[in-house]
J.: 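Following this message is one structure expressed as structure tokens.
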Amino acid sequence: MTASSDPLLDALDDEQRVAAEALLGPVCVLAGAGTGKTRAITHRIAYGVSSGAYDPARVMALTFTSRAAAELRARLRALGAGAVQARTFHAAALAQLNHFWPLVVGGQAPRVLEYKGRLLGQAAEKLRIRVDVPTLRDVAAEIEWRKVAALGPDAYEARLATRGAPGALSAEPFLALVQAYEDLKDERRMLDFEDVLLATAGMIESEASVAMHVRESYRHFVVDEYQDVSPAQQQLLELWLGGRRDLCVVGDASQTIYSFAGASSQYLLDFERRFDDAIVVRLERNYRSTRQIVGVANRLMRGRAGALRLEAVGDRQGAESGGRGAADAAAIAPLAEPTVTAYADELTEARGVATRIRSRIDAGTPPESIAVLMRVNSQSAILERALEEVGVGSRVRGASRFFDQPEVREAVHALRAAALTIAGEPLFKSVSDVLRSMGWTVQPPDGPGAVRARWESLNAIARLVDDAPAGTTFRAFADELRARAEAQHEPTVSAVTLATLHSAKGLEWDDVFIVGLTEGMLPIAYAKGFDAIDEERRLLYVGITRARRRLELSWPRQSGTHRGEREPSRFLQELGNRTQGAGNGAGAAARRRASGG
């Protein structure tokens, strides 16, 4: 069978086919949103296996989430390449560590610590350092960042002078706490999640027999979502390769949204420099979205480093097939332009979006084909309530539901207890007094992390006071909170998805609503400097490119208990007049803002 008649290649468009036929040597596939990258790389692997170029047992496909790895495995099985391994970096490293540890070190490999918080708490107690749970979570995140950034202790201490210690900790007690955590971990023969990468890399680097065995076992590597690779993962990948060049990477710099966790798109952007003979393929035919949505995405990313210019080439059939049939399909029929709507406040915005969704469902759109995307989890509470008011079920993706969060459960309990003894005061005073006792303040804390996330959750409860009908008593408010918490249940399949922009990556829906597009929310208030603002831009890009058919953006003019004025996100200016809804007033205000951060 010749390549030209191979059905594995016939299913691809011209650019996807070039990628699939490039079986050897360094290959870089720059794949924009909705361009069929997973189709391209799975067909490439399957074609390599079917043509005899690959031994399936010596191919490793790597990605970053268990869900993505499962998707790769399912597609490879369907294409007759089920013997190929598709794993996350961590799963592949852990398998090697467990295999080689008894041979090199002796005994079973250390147990992997699932949750750092408990051990950090014990370390803090041992040192008599007083820290709360949110600070411990931020310390855990900082430990993770240092390790994935592959910084040794000396290099990290030098960076700490400018980066700052988490929470209210100063550098000295923070470093002591980290060392105590590491000591406890060693005493109990445990590794944390990030240690798995570092220990595996160290074993390959220091043990020639391990390196030889690993490189004999795996010859061809494919890395999906390469823009998300961290220094630690890149180091391990290079050790797996051992100087060989049978590497194919796939990614999109415009979808780099995990820089805060150590991801770096520079490995993708510098691929041609590191491999000057690399085959580079650009996938820019978007099979997912309408021309109007693609146009918005392109305007947002215009002029950004590594940004691809998408071209909408298929209709809904094309979005589902993502291949040659889509390219040959009829052009997308004219649909409504994406819109920007300004609402009076967050409650009005939530109810407005809920009403729009109700009308879409009544017109025949399945609820599961609709998503509302937001910057932070705490925005979900008011949206859940607004959807409930119009009889629409919802599910929160990528995080626990709002009322399942520990600080929210604690707040609900405290409010109910206080409501039994406090009466006659203004509702906001009663609620805010309880929340203040839990650490809530009118002004948010600086910076990202668990402390900020806790504040956002408590602040969301404070904002619910604004939604309460006039005359609501403290007891009635607390009882309603309890009733709402108890009414939560596992989401049904037929439900609108509520998701943060981060957790929406890799997904798509017919109708997407992106809410809360104000300064201070997107970009988030603690995003300072060009790089941080650009990460926020990429988050919005990811959200926009999740939409297949309809896209609606919105922002509230006022927010919070004191009804502070908000400004529309600076990014709205760059989307152009065509995205401005009639009479919403967003365009002029947005155009007053400086472009791009």
Side-chain angles (χ1 to χ4, degrees), residues 15-16 29-40 64-65 68 71 224-228 250-258 265 268 282-316 318-322 326 332 335-340 369-375 397-398 497 499-515 517 522 534-554 569 571-572 574-576 578-579:
E15 291 76 23
Q16 292 169 350
V29 182
L30 301 173
T35 59
K37 71 174 179 65
T38 305
R39 165 178 285 264
F64 291 85
T65 67
E71 173 70 12
D224 192 16
E225 302 287 3
Y226 191 56
Q227 77 279 350
D228 288 336
V250 188
D252 179 10
S254 295
Q255 296 188 68
T256 307
I257 58 173
Y258 293 105
S265 62
L268 175 68
R282 299 168 71 92
L283 303 185
E284 296 178 300
R285 302 190 195 193
N286 178 284
Y287 297 108
R288 176 185 299 156
S289 307
T290 67
R291 287 197 188 97
Q292 294 87 343
I293 294 168
V294 166
V296 169
N298 284 336
R299 287 196 290 276
L300 183 66
M301 297 307 296
R302 183 168 44 212
R304 259 45 203 184
L308 300 168
R309 183 163 183 81
L310 302 178
E311 176 190 3
V313 295
D315 58 8
R316 178 61 181 276
E320 292 173 346
S321 66
I332 297 173
L335 292 171
E337 292 281 353
T339 62
V340 175
S369 295
I370 303 173
V372 186
L373 307 183
M374 64 207 77
R375 178 60 178 86
R397 183 179 182 90
T497 299
T500 65
L501 291 164
H502 281 102
S503 66
K505 189 168 181 290
L507 304 173
E508 58 186 72
W509 298 270
D510 281 347
D511 294 16
V512 170
F513 297 79
I514 306 179
V515 300
L517 288 169
L522 193 73
D534 241 27
E535 181 108 336
E536 297 291 300
R537 174 194 301 278
R538 294 191 294 269
L539 262 181
L540 179 56
Y541 175 81
V542 166
I544 288 170
T545 55
R546 301 309 95 195
R548 298 187 191 110
R549 309 294 275 171
R550 285 174 290 268
L551 172 68
E552 297 195 17
L553 314 176
S554 61
S569 169
F571 302 135
L572 293 180
E574 301 171 42
L575 303 186
R578 285 177 295 172
T579 66

J.: With distance as the sole test, does D510 use its side chain to make a donor-acceptor pair with the main-chain N or O of R549 at under 3.5 Å?
T.: no
J.: Between Y258 (side chain) and H502 (backbone), is there a donor-acceptor pair under 3.5 Å?
T.: yes
J.: First locate atom CZ of R375, then atom CG of L522, and finally report the distance between them rounded to the nearest 0.5 Å.
T.: 6.5 Å
J.: Minimum heavy-atom separation for P338 to Q292, with atom names?
T.: CD-CB, 3.6 Å
J.: Given 3.5 Å as the limit, does a donor-acceptor pair link the side chain of R288 with the main chain of T545, or not?
T.: yes
J.: Quick check for you: to the nearest 0.5 Å, what is the distance between S554 atom OG and L517 atom CG?
T.: 6.5 Å
J.: Mind listing the closest non-hydrogen atom pair of S265 and T256 along with its distance?
T.: CB-OG1, 3.3 Å
J.: Any non-hydrogen side-chain atom of F571 less than 4.5 Å from a side-chain atom of I544?
T.: no
J.: Mark yes or no for whether S289, through its side chain, and A547, through its backbone, hold a donor-acceptor pair below 3.5 Å.
T.: yes
J.: Might you work through the salt bridge (charged side-chain N to carboxylate O under 4.0 Å, His left out) test for E574 and R302, ending with a clear yes or no?
T.: CA-CA 9 Å; E574 301 171 42; R302 183 168 44 212; over 6 Å; no
J.: Take L283 and R39, measure what side chain to side chain contact (heavy atoms under 4.5 Å, CB included) needs, and give me the verdict at the end.
T.: CA-CA 11 Å; L283 303 185; R39 165 178 285 264; over 6 Å; no
J.: How far does CG of D224 sit from OG1 of T65, to the nearest 0.5 angstrom?
T.: 9.0 Å
J.: For the CD1 atom of I257 and the CD atom of E535, what is their distance to the nearest 0.5 Å?
T.: 7.5 Å
J.: Do you know which two heavy atoms are closest between D252 and Q227, and how far apart they sit?
T.: N-OE1, 3.0 Å
J.: Any salt bridge between D511 and R550, counting N to O under 4.0 Å?
T.: yes
J.: Are side-chain heavy atoms of E311 and V294 found at a separation under 4.5 Å?
T.: no
J.: How far apart are the closest heavy atoms of Y541 and L310, and which atoms are they?
T.: OH-CD1, 3.5 Å
J.: Looking only at atom types and distance, does a side-chain atom of Q16 sit under 3.5 Å from a main-chain N or O of T35, one as donor and one as acceptor?
T.: yes
J.: Of all the heavy-atom pairs spanning A31 and V250, show the shortest one and how long it is.
T.: CB-CG1, 4.1 Å
J.: Measuring from atom CG of L539 to atom OG1 of T500, what distance do you get when rounded to the nearest 0.5 angstrom?
T.: 8.5 Å
J.: Ignoring hydrogens and geometry, is there a side-chain-to-backbone donor-acceptor pair from R537 to L300 under 3.5 Å?
T.: yes
J.: Identify the heavy atoms of S254 and M301 that sit nearest to each other, and give their distance.
T.: OG-CE, 3.6 Å
